[in-house]
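Fair warning: this is a prediction, and the values are worked out from it, not measured in the lab. Chain letters run A, B, ... following the sequence lines, proteins first and then strands; every chain starts at 1.
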Amino acid sequence: MTDIQERLATGKGKFTPRYPELGTGPVSYEDSISPEAFEAEREAIFERTWLYVGRSERIARPGSYFTRELPGGLASIVVARAVDGSVQAFHNVCAHRGNKVVWQEHPSEESSGTCRQFQCKYHGWRYGLDGQVVHITNQQEFFDLDPSLLRMPKVHAEEFAGFVFVNLADDPVPLRTHLGDRILELEAYPFDRMTQRYGFSTRINGNWKLAIDSVCEWYHPAYVHARFIDKDIAKAEKKVPPVDSYHYELFPPHMLTSVPGPPPLPPREPGTAGPPVRDQKWVYRLFRAGLFGPDDVPDLGEPPGFLNAGEIAYWGNDQFWLFPNLSVQIWQRGYYITYAYWPESVDSHVYEIDLYFVPPSNAAERLAQELVVDSTVEFAMQDVNTIEATHSALKTRRQRQFHLSDQELLIRAFHTYVRQAVEAHQAVAAPPGGDR
Amino acid sequence: MSTAVLPAAFAELEPWVADWAKPTRAERYAMRLSKAFPELIAFYDAVAPHAEAAVEHLNRGDLPSLDDGDTRLLQLLYSFILVSYAVNIFDQPKIPDSGSAFFDCVVEPTV
């Protein structure tokens with residue numbers, strides 16, 4: 001074993017046998033390429049599960065709002081802060097003739113702002129911050145209209161730890177019931193201190209689940225990201241942490257994986273970065289940051305006890321997978337990243353990455369954050385190019401199943417949870433032996 | 001009276017301002033992709049010897065309200081970080097095997 005592998009090895013053995021209900025056999029990937037599976041997931045999961053749409057800071061004050069165009073035509077919604085402080089969401093459709101009410105410049109683009117009422121650009125109907133109609137122009141010209149029954153159709157919205165979720169079902173379970181005790185612990189984390197945001201978005205020609213598969217295992221880094229680990233890529237395999245240094249935990253339908261990471265560099269005097277060289281380690285030393293975050297970690301007080309539940313010796317981050325399509329990644333070095341995956345069709349999805357830092361107090365902190373952002377995005381681009389390659393090959397159906405190692409436990413679990421959600425919904429919608 | 005392009009101590013970097021002192025990440029990334037690899041190395045080698053002094057200089061300023069010269073210097077450092085991956089890791093402007101993969105930056109800090 002190399003030095004890093006000796007230091008981090010735990011000898012704790014495999015994780016998959018802890019979850020015997022998942023088995024250890026090969027897993028069909030038909031769910032990632034079949035149009036029928038996509039339609040079933042959309043109906044069973046995306047139309048009736050809590051979906052993360054943005055941070056509460058985006059609607060900090062009464063009257064502040066943002067719109068979301070949920071990909072694949074899932075929904076077009078407005079999310080607003082009402083006068084009573086509650087979060088409100090409604091479909092962005094006028095009760096008069098169905099025009100999109102809230103948009104700027106281009107109707108297909110998302111927008112945000114602050115207002116007292118929303119006014120439809122078509123015939124001037126006005127709506128309150130709860131989506132209820134408050135004024136109908138030339139109302140006397142209509143026939144038997146009851147304004148109290150007219151509104152932009154309501155969407156259930158709830159906040160948790162500053163994350164705004166919506167649910168498109170008529171009568172969903174409460175958000176906190178969906179999240180469950182283990183995820184509710186995240187409320188102790190000071191997300192609200194980290195308001196310096198960088199947001200990225202891209203469209204990927206591959207199934208959304210393949211994208212999640214690509215980043216919830218620690219088998220790929222030595223290959224996909226080899227150049228980052230060592231310019232001599234043959235050496236990269238020897239320099240990644242050993243397989244038993246990671247942590248995996250399932251609390252269905254949600255999941256956690258934790259990773260080790262290098263401890264921050266010790267403080268140094270200005271002017272001691274050394275003579276310039278063409279070596280990224282020198283750049284990391286210069287700006288005091290790297291893929292695992294800034295070396296100068298903001299003081300956030302005592303870390304909440306829920307972090308690093310696997311007691312990793314050199315803990316790097318926790319990645320909480322909130323079913324169905326959100327990862328909240330909390331880093332030891334005092335920042336967090338959200339990853340959201342929005343299916344558009346069986347073979348495309350929109351991928352959103354948002355990084356949040358404590359606002360920097362000087363240029364050095366700002367530059368360290370810039371480097372973390374750049375590193376994260378360069379890594380992410382390496383991950384996404386693989387998804388398109390995987391999807392296009394899977395579609396040939398010349399291989400029929402995945403062979404999953406212990407390192408790929410979360411993939412095994414995730415596809416199972418998706419399948420179970422679809423089956424549960426179909427059982428309710430069409431009970432066996434019953435008429436629809 | 002003329003406004004200095006960069007703070008006096010960093011006048012040597014002025015030839016790089018036109019291409020690399022860009023206010024948005026999208027512009028900086030587009031510049032990285034538009035350049036031949038030797039041009040990225042030349043930019044890296046030009047900025048690297050001044051980078052640590054530039055950080056110290058900028059740390060004396062008030063981050064949200066830097067003057068124009070300091071803002072340009074900071075933007076050169078943003079570009080330097082972005083170019084460092086090409087020079088030190090990828091040996092080419094683009095990430096190898098990245099195909100058509102690219103991220104649009106939808107939100108970034110104003111400074």
Side-chain angles (χ1 to χ4, degrees), chain A residues 58 110 196-205 224-225 227-228 231 270-284 286-289 351-354 357 359-371 373-375 377-389, chain B residues 24-26 28-29 32 40-41 44-64 66 70-71 73-92 94-111:
Chain A
R58 296 192 66 194
E110 296 179 344
Q196 180 89 337
R197 175 186 173 209
Y198 296 76
F200 297 88
S201 178
T202 189
R203 169 171 290 111
I204 298 171
N205 295 321
V224 173
H225 308 303
R227 285 166 201 273
F228 269 101
K231 280 196 89 168
T272 58
V277 276
R278 289 183 201 152
D279 180 341
Q280 200 64 1
K281 287 195 181 67
W282 179 78
V283 175
Y284 296 155
L286 175 69
F287 291 107
R288 298 188 54 72
Y351 180 27
E352 296 168 345
I353 303 179
D354 288 277
F357 299 89
S361 61
N362 59 29
E365 290 177 9
R366 173 67 179 80
L367 285 157
Q369 292 174 1
E370 184 82 7
L371 190 147
V373 171
D374 285 351
S375 286
V377 171
E378 299 278 305
F379 267 75
M381 277 200 239
Q382 292 191 313
D383 287 318
V384 303
N385 70 51
T386 309
I387 297 158
E388 198 169 325
Chain B
T24 69
R25 191 175 190 283
R28 297 189 288 269
Y29 216 102
R32 168 172 143 187
L40 297 184
I41 295 177
Y44 180 92
D45 287 350
V47 175
H50 299 281
E52 188 156 30
V55 177
E56 279 178 59
H57 169 86
L58 292 169
N59 267 351
R60 292 195 285 271
D62 185 16
L63 185 60
L66 296 175
D70 282 355
T71 300
L73 184 62
L74 184 61
Q75 290 166 354
L76 283 182
L77 293 177
Y78 296 157
S79 289
F80 176 75
I81 293 171
L82 206 55
V83 163
S84 71
Y85 298 91
V87 170
N88 293 330
I89 294 175
F90 300 129
D91 284 330
Q92 61 182 50
K94 195 170 187 284
I95 301 172
D97 295 335
S98 59
S100 55
F102 192 76
F103 283 90
D104 295 319
C105 185
V106 292
V107 180
E108 64 186 323
T110 47
V111 176

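When heavy atoms are compared at a cutoff of 4.5 Å, B:Leu63 approaches chain A solely by way of its side chain, counted from C-beta outward. With a threshold of 4.5 angstrom between heavy atoms, A:Glu388 approaches chain B through side-chain atoms but not through N, CA, C or O. Residue A:Ala389: no heavy atom, backbone or side chain, is found under 4.5 Å from chain B. Residue contact with chain B, scored on non-hydrogen atoms closer than 4.5 Å, is absent for A:Phe357. For A:Thr386, no part lies near chain B; criterion is any non-hydrogen pair under 4.5 Å. Only the side chain of B:Ile95 comes within less than 4.5 Å of a heavy atom in chain A; its backbone stays farther off. Using a 4.5 Å cut-off between heavy atoms, A:Pro359 does not touch chain B at all.
No other option in B:Asp62, B:Asp70, B:Leu82, B:Leu66 has as many heavy-atom pairs under 4.5 Å with chain A as B:Leu82. Taking chain A as the reference chain and counting heavy-atom pairs below 4.5 Å, the highest number among B:Arg60, B:Arg32, B:Glu108 is found for B:Arg32. Ranked by non-hydrogen atom pairs under 4.5 Å with chain B, the options A:Val373, A:Asp383, A:Val377, A:Asp279 are led by A:Asp279. The greatest number of non-hydrogen atom pairs below 4.5 Å with chain A, out of B:Asn59, B:Ile41, B:Val87, B:Asp45, is found for B:Asn59. Counting heavy-atom pairs closer than 4.5 Å to chain B, the top residue among A:Gln196, A:Arg366, A:Arg197 is A:Arg366. Contacts with chain B were tallied for A:Asp354, A:Thr272, A:Ile387; A:Thr272 has the most, counting heavy-atom pairs under 4.5 Å. Listed options B:Phe102, B:Tyr44, B:Phe80, B:Phe103 were ranked by heavy-atom pairs under 4.5 angstrom with chain A; first place goes to B:Phe103. The candidate from B:Ala54, B:Ala51, B:Gly61, B:Pro96 with the greatest count of non-hydrogen atom pairs under 4.5 Å with chain A is B:Pro96.
If you take CD1 on A:Ile353 and SG on B:Cys105, they are separated by 11.0 Å, rounding to the nearest 0.5 Å. The structure places CG of B:Asp91 at 10.0 Å from CZ of A:Arg278, a figure rounded to the nearest 0.5 Å.
Minimum interatomic distance between A:Gly271 and B:Glu52 (heavy atoms only, all atoms of both residues): N-OE2, 3.0 Å. Among all heavy-atom pairs drawn from A:Pro276 and B:Ala48, the shortest one is CB-CB, 3.6 Å. A:Ala363 and B:Leu74 make their closest contact through CB-CD1, 4.3 Å (heavy atoms, listed as atom of the first residue, atom of the second, distance). The two residues A:Tyr198 and B:Pro109 make their nearest non-hydrogen contact at CE2-CD, 3.3 Å. Considering every non-hydrogen atom in both A:Gln280 and B:Asn88, the closest pair reads OE1-ND2, 2.8 Å.
Side chain to side chain, B:Tyr85 and A:Arg227 fail the donor-acceptor criterion of an N or O pair below 3.5 Å.
Atom CG of B:Asp97 is surrounded by 12 or fewer heavy atoms from other residues, nucleotides or ligands within 6.0 Å.
When side chains are defined from C-beta on, B:Tyr78 counts as touching A:Leu367, because their heavy atoms get closer than 4.5 Å.
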